[in-house]
Each structure stands twice: as C-alpha cells, then as structure tokens.
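Report on one structure; see the data block that follows.
Please read these numbers as outputs of a predicted model, since none were measured by experiment.
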Amino acid sequence: MSARETILNAVRSGLGNTAVDPAAVRRDADALLQDLPAIRPPLLADGLVDAFIARVTSPKVAATAECIASASELPAAVGRYLEALGLPAVVALQPAAPLQGLDWSGFELHDQVAPDEMIAIGVARWGIAETGSLVFHSGADTPILANFLPLHHLVMVRADTILPFLDDYAAATAGQRPPRNVNIVTGPSGTTDIEGSLVLGAHGPRFLHVVIVGTPDSSE
C-alpha cells in the first residue's frame, strides 16, 4: 500500500460512515444566506471608499493608497510617488485605454513588463472593501504578468467599482463570460499568494500603491 493510500484510509477511518443529507445542507445554507449581514464581517468604515482604503493600508495588507478626483490626475499622482521615493520616471504602462489616453509628458513609457521591472502602472476592474483586494481580468490590454513582475505596482481603480464584499464580485460577474485568468491580489509581497484561475503562489510586487479615482454616491 502506498503512503497516499495509507493517509487516505486513515482519513476515511476517522470520518466514519456518517451520512450527509443534501437537503439538510441546502436548508442550512439557505438559512445563512437569508441574513447576510449576520455572517459578513463588519467593514472598517461606513463608506466603501473609506473602508477600502482602511483595509488596503492596514498592517495586514500593507499597501499604500490615495484618492484623486479624476483619471487625468493619475500622471501627477504617479510623479509624486516616484519623486517621494527617488525613483526614475521610467514606467511600464499597461496598454489599456483608460491609461493610454492620459498625458504622460515627462515619463519614459514602454508597454512590456520585464522580470526586473522597477515600476509598472495598471488598472484594476474592481476593488473589494472587505479584504482590500484588487481584481484583475486578463485580456488583450491587460497582460497578467504586469501584476506580478514589477517591484513597484501602481494601480488605478475607479471608486464606483469598489464592492463591499468578495461575494459581491461573484454577483457582479454572474452570467458573464469568464476571462482566461482572474487574479485577486491582496497587498504587496515578493512571495504573495494570488487567488486566481491559473496563477497561484506567484511572485508579486514588493510595493503596491492604489490610486482611487472619484467618489461614488453609494459610498457616502
């Protein structure tokens, strides 16, 4: 008998022959879902943007964040970040329309992210206030490696795409055709755990700076 079978047999023996009633499991699950506020953890602030920032900048997540009024202010925000850290204005810019249309005068740009890239700028589809996570979908203008290779990753996310809880992301995308990859990134780390469809335990940025654009009515 292999070691694997020995372990599995020990697990089976420990579990016994207890039968599971699928209908009872369904009833218990439905009962929990009827009162979501009772089973969801409290957010760190009343507004979604404030709750998201509080979680992102908490010691557990250990990223940095700031708010700007419009996307046109993003290059200036990036410039402030680089100046504060004494970094060169040489960045890998995600080839996404919301970024490509901005005025990047004074920056040296390229769209390919190298394994030793110092700074990359990207855009997330959603933010999750519960966990301080950013959600990235793969696509022609969203190369997945850009989320993992740079030392400093600066990410823009719109305030009106910040969701309260992780399961709200599942509800928001229900019925849509899934992308090839989904990456849910929580904080910076050279050995970060990335929740996604194909990328697990991947290398990640050492520094993550989130720039939130605008303030949705729902968060006030």
* Structure fact -> Hits for ring pair (Phe, Tyr, Trp, His ring centres under 6.0 Å) against Tyr81, two or more places apart or cross-chain, chain-then-number order -> His152, His209
* **Over all atoms of both residues, closest heavy-atom pair of Val56 and Ala65** => CG1-CB, 4.1 Å
* Would you check, one step at a time, whether the test side-chain contact (heavy atoms from CB on, under 4.5 Å) holds for Phe165 with Leu43? => CA-CA 9 Å; Phe165 297 95; Leu43 298 180; 3.8 Å; yes
* Structure fact -> Ile184 and Ser133 have their tightest heavy-atom pair at CG2-CB, 3.7 Å
* Could you pull out the closest heavy-atom pair between Asn147 and Pro205, with the gap in Å? => O-CD, 3.2 Å
* First locate atom CD1 of Ile128, then atom CG of Asp167, and finally report the distance between them rounded to the nearest 0.5 Å. => 9.0 Å
Per-pair distances, 0.1 Å, donor-acceptor, side chain in residues 90-107, under 3.5 Å, sequence neighbours excluded:
from	atom 1	to	atom 2	distance (Å)
Gln94	OE1	Val123	N	3.1
Gln94	NE2	Asp141	O	3.2
Gln100	NE2	Gln94	O	3.3
Asp103	OD1	Ser105	N	3.1
Asp103	OD1	Ser105	OG	2.5
Trp104	NE1	Leu99	O	2.8

* Derivation of the side-chain contact (heavy atoms from CB on, under 4.5 Å) call for Val135 and Leu163 -> CA-CA 11 Å; Val135 182; Leu163 304 172; over 6 Å; no
* Asked: Roughly how far apart are Thr131 OG1 and Tyr169 OH, rounded to 0.5 Å?
  -> 12.5 Å
* To do: Please answer whether the main-chain N or O of Val25 pairs with a side-chain N or O of Asp28 as donor and acceptor at a distance below 3.5 Å.
  => no
* Asked: Taking a hydrophobic cluster as the set of Ile, Leu, Val, Met, Phe, Trp and Tyr residues connected by side-chain heavy atoms closer than 4.5 Å, whether directly or through intermediates, do Val155 and Val61 fall within one such cluster?
  -> no
* Structure fact -> In terms of heavy-atom contacts, Pro88 and Ile119 come closest through O-CD1, 3.4 Å
* Asked: What's the spacing between Thr57 OG1 and Leu44 CG if we round to 0.5 Å?
  -> 8.5 Å
* To do: Answer yes or no: is there a side-chain heavy-atom contact under 4.5 Å between Val211 and Ile68?
  => yes
* Worked check of side-chain contact (heavy atoms from CB on, under 4.5 Å) between Leu145 and Val113 -> CA-CA 7 Å; Leu145 285 180; Val113 180; 5.9 Å; no
* Would you give the length of the straight line joining atom OG1 of Thr64 to atom CD1 of Ile53, rounded to the nearest 0.5 angstrom? => 11.0 Å
* Asked: With no hydrogens and no angle check, is any side-chain donor or acceptor of Glu130 less than 3.5 Å from a backbone partner on Leu166?
  -> yes
* To do: Would you check, one step at a time, whether the test side-chain contact (heavy atoms from CB on, under 4.5 Å) holds for Asn183 with Ile144?
  => CA-CA 8 Å; Asn183 300 132; Ile144 287 300; 2.9 Å; yes
* Roughly how far apart are Glu117 CD and His153 NE2, rounded to 0.5 Å? -> 10.5 Å
* **Thr142 (side chain) donor-acceptor with His137 (main chain) under 3.5 angstrom** => yes
* Structure fact -> When every non-hydrogen atom of Arg27 is compared with those of Asp21, the smallest separation belongs to NH2-OD2, 4.2 Å
* **Heavy-atom pair with the smallest gap, counting every atom of Val157 and Trp126** => CG2-C, 3.9 Å
* To do: Could you grab the distance from atom CD1 of Ile162 to atom CG of Asp168, nearest 0.5 Å is fine?
  => 13.0 Å
* Asked: Side chain of Thr173, backbone of Gln176: donor and acceptor closer than 3.5 Å?
  -> no
